[in-house]
Protein chains: 2
Amino acid sequence: MDVPTYLVLADRLEHELAAEPAGARVPSEHELARLHAVNRLTARAALDELEQRRVVRRRRGSGTFVSRRYDMTVTPQSALSWSQVVRAAGGSARAEVVDGPTQASPEDLGNGVDVLVLHRVGWVDGQRALCKTSWLATDLVPGLHEALPRHDSLFTALEQAYGLRPQRHALRAEITAPPPAVRETLDLPRNTEVVWIASRTDSERTGRTVEVTHSWLRADLFRLVVDLRP
Amino acid sequence: MDVPTYLVLADRLEHELAAEPAGARVPSEHELARLHAVNRLTARAALDELEQRRVVRRRRGSGTFVSRRYDMTVTPQSALSWSQVVRAAGGSARAEVVDGPTQASPEDLGNGVDVLVLHRVGWVDGQRALCKTSWLATDLVPGLHEALPRHDSLFTALEQAYGLRPQRHALRAEITAPPPAVRETLDLPRNTEVVWIASRTDSERTGRTVEVTHSWLRADLFRLVVDLRP
DNA sequence: TAGTGGTCTAGACCACTGC
DNA sequence: CAGTGGTCTAGACCACTAC
């Protein structure tokens, strides 16, 4: 036997699943083993392989499901909105504001500025997929908590509700192990990596920095692509 | 049992290995199983875990060895040399020119320019770790094959041997599955991802593009960090 | 040739999820 | 509650590497 059984199975499954929509149920390990007359561990190895290939995602106790990956393209000039990326690819995206610890703010907002901390969680295709912590200059965004739900994203709120002419710049990006708070917020299984992106939004109108945001995105759901062309 | 056996073993091993140098031998699966009185598959699961954490690397038939990871920081202005990164972290780095297919060149070099194709392989800590394909404007680098071995890198050759005042710009970076040619060149096992970086080097002296390079780096050996600050 | 990691079988018990 | 994925055992044969 040249190609191992589990890889034959994995390739075959991947091919079959290509036609399925994200979230579709994949046969369970026991069922797969029965169907193909192999040991459960062999069927499991095939699913392990597909999980590594980011084709499926598992939820203990509930099952294995087709997964999709979105290309998150970051450029120095702007950090593209994740919700745009997801919706453009036909997925569903929504965000909600959550409580969280008040963390020390980065220094980009300026000294002595009163800082508002905002924690948000993003849902993609019905799953918690990312979280963000934003630090904002309080005086530039009065009543933000009430204004935010009326807009698609924080960025459009800054634009439309406050007329700040926001300019978003990406600062730094890397793929890393999630900090404990993020792991808990997103309920990440072991071994899940995240894409970390730091960005800053300046206001063209006031000439000040409005917002600094740290984003953590499940790396199995988002693929980091960096475009550095000027 | 709260924490599974294989994780206890993995954490313990990781702690022990932290003091070992890159390349140090790790106990084999059979030996680990015997030492800790567990099944071989349990010992194997622990090593699987450490491989995913990029703490060890396996070579079938020869053993498991301590691995190290280097941060490859890319900025829009310049793509830092991998050999600098490795040597600064105390690792060993060398490059060699190899034969390879002549591939269609990107269009950045200009129309009608005679193009020289250069394939190089990089060795890190004694292992093939990356490969590069460069397209160069032939007329700007006469006798490059003879000049190259006298320099640390292609970049310094352009600088010192040809006085081109080179300026390197990173263009694009992503983490992806290796193309078959790269998989073969680097003898990559299944499931190994690579960091792909496209960069362009312009000559300040001539005002022309000297070189376009595509680099593929083992993602288990190099961690992509992107710094987008101006 | 001896030892390594890679694959595979036939079981078993568990924690967790959804109904 | 039944079904899911997660862990674990005790075996086995194989391809590959180093000596």
Calculate the interatomic distance between [X] atom [atom1] and [N] atom [atom2]; express it in whole Å.
X: Arg34(A); N: dT9(C); atom1: CZ; atom2: P; value: 16 Å
X: Leu41(A); N: dC8(D); atom1: CG; atom2: C1'; value: 10 Å
X: Gln127(A); N: dT17(C); atom1: CD; atom2: P; value: 13 Å
X: Glu29(A); N: dT9(C); atom1: CD; atom2: P; value: 14 Å
X: Arg190(B); N: dA15(D); atom1: CZ; atom2: P; value: 14 Å
X: Asp2(A); N: dG6(C); atom1: CG; atom2: P; value: 16 Å

Strictly by modelled atom types, are His151(A) and Thr156(A) linked by a side-chain donor-acceptor pair under 3.5 Å? no
Which atom pairs, one a donor and one an acceptor, fall under 3.5 Å between side chains of residues 88-97 of chain B and the rest of the protein, sequence neighbours left out?
| from | atom 1 | to | atom 2 | distance (Å) |
| --- | --- | --- | --- | --- |
| Ser92(B) | OG | Asp125(B) | N | 3.3 |
| Arg94(B) | NH1 | Glu96(B) | OE1 | 3.2 |

Please list residues of residues 42-61 of chain A whose heavy atoms come under 4.0 Å from any atom in DNA chain C, ordered by number; otherwise none. Thr42(A), Arg60(A), Gly61(A)
Counterpart residues, salt bridge (Lys or Arg N to Asp or Glu O under 4.0 Å), relative to Arg68(A) (two or more places apart): none
Going by the rule salt bridge (Lys or Arg N to Asp or Glu O under 4.0 Å), which residues pair with Glu29(A) if we only count those two or more places apart in sequence or in a different chain? Arg40(A), Arg44(A), Arg58(A)
Considering only side-chain heavy atoms of [X], which listed nucleotide, [options], is closest?
X: Asn39(A); options: dT7(D), dT4(D), dT9(C); value: dT9(C)
X: Tyr6(B); options: dG5(D), dT7(D), dG5(C); value: dT7(D)
X: Val38(A); options: dT9(C), dG18(C), dC8(C); value: dT9(C)
X: Ser28(B); options: dT17(C), dT4(D), dG5(C); value: dG5(C)

Hey, mind stepping through Ser134(B) and Leu154(B) against side chain to side chain contact (heavy atoms under 4.5 Å, CB included) and telling me if it holds? CA-CA 10 Å; Ser134(B) 297; Leu154(B) 177 55; 4.0 Å; yes
Please enumerate all residues that pass side chain to side chain contact (heavy atoms under 4.5 Å, CB included) together with [X], with sequence neighbours excluded.
X: Arg60(A); result: none
X: Glu49(A); result: Tyr6(A), Leu7(A), Ala10(A), Arg53(A), Asn191(B)
X: Pro76(A); result: Pro76(B), Leu228(B)
X: Glu174(B); result: Arg223(A), Val225(A), Arg172(B), Thr176(B), Trp196(B)

Quick one: on DNA chain C, does Arg40(A) or Ala37(A) contact a more 5' nucleotide (nearest heavy atom)? Ala37(A)
5′-ward residue of the pair His30(A)/Ser62(B) relative to DNA chain D: His30(A)
Please work out the stems of DNA chain D from pairs that are Watson-Crick or G-U wobble with both distances under 3.5 Å, keeping only runs of three or more consecutive pairs. C:1-18 with D:1-18
Please enumerate all residues that pass side chain to side chain donor-acceptor pair (under 3.5 Å) together with Thr64(B), with sequence neighbours excluded. none
So, is the end of the Arg69(B) side chain (NZ or CZ) under 6.0 Å from the ring centre of Phe222(B) and within 45° of the ring's axis? no
Nucleic acid contacts of residues 9-23 of chain B, taken as heavy-atom distances under 4.0 Å to DNA chain D: none
Excluding sequence neighbours, so at least two apart, what forms ring-ring contact (aromatic ring centres under 6.0 Å, His included) with Trp135(B)? His214(B)
At under 4.0 Å, does any side-chain N or O of Thr64(B) touch on OP1 or OP2 of dG5(C)? yes
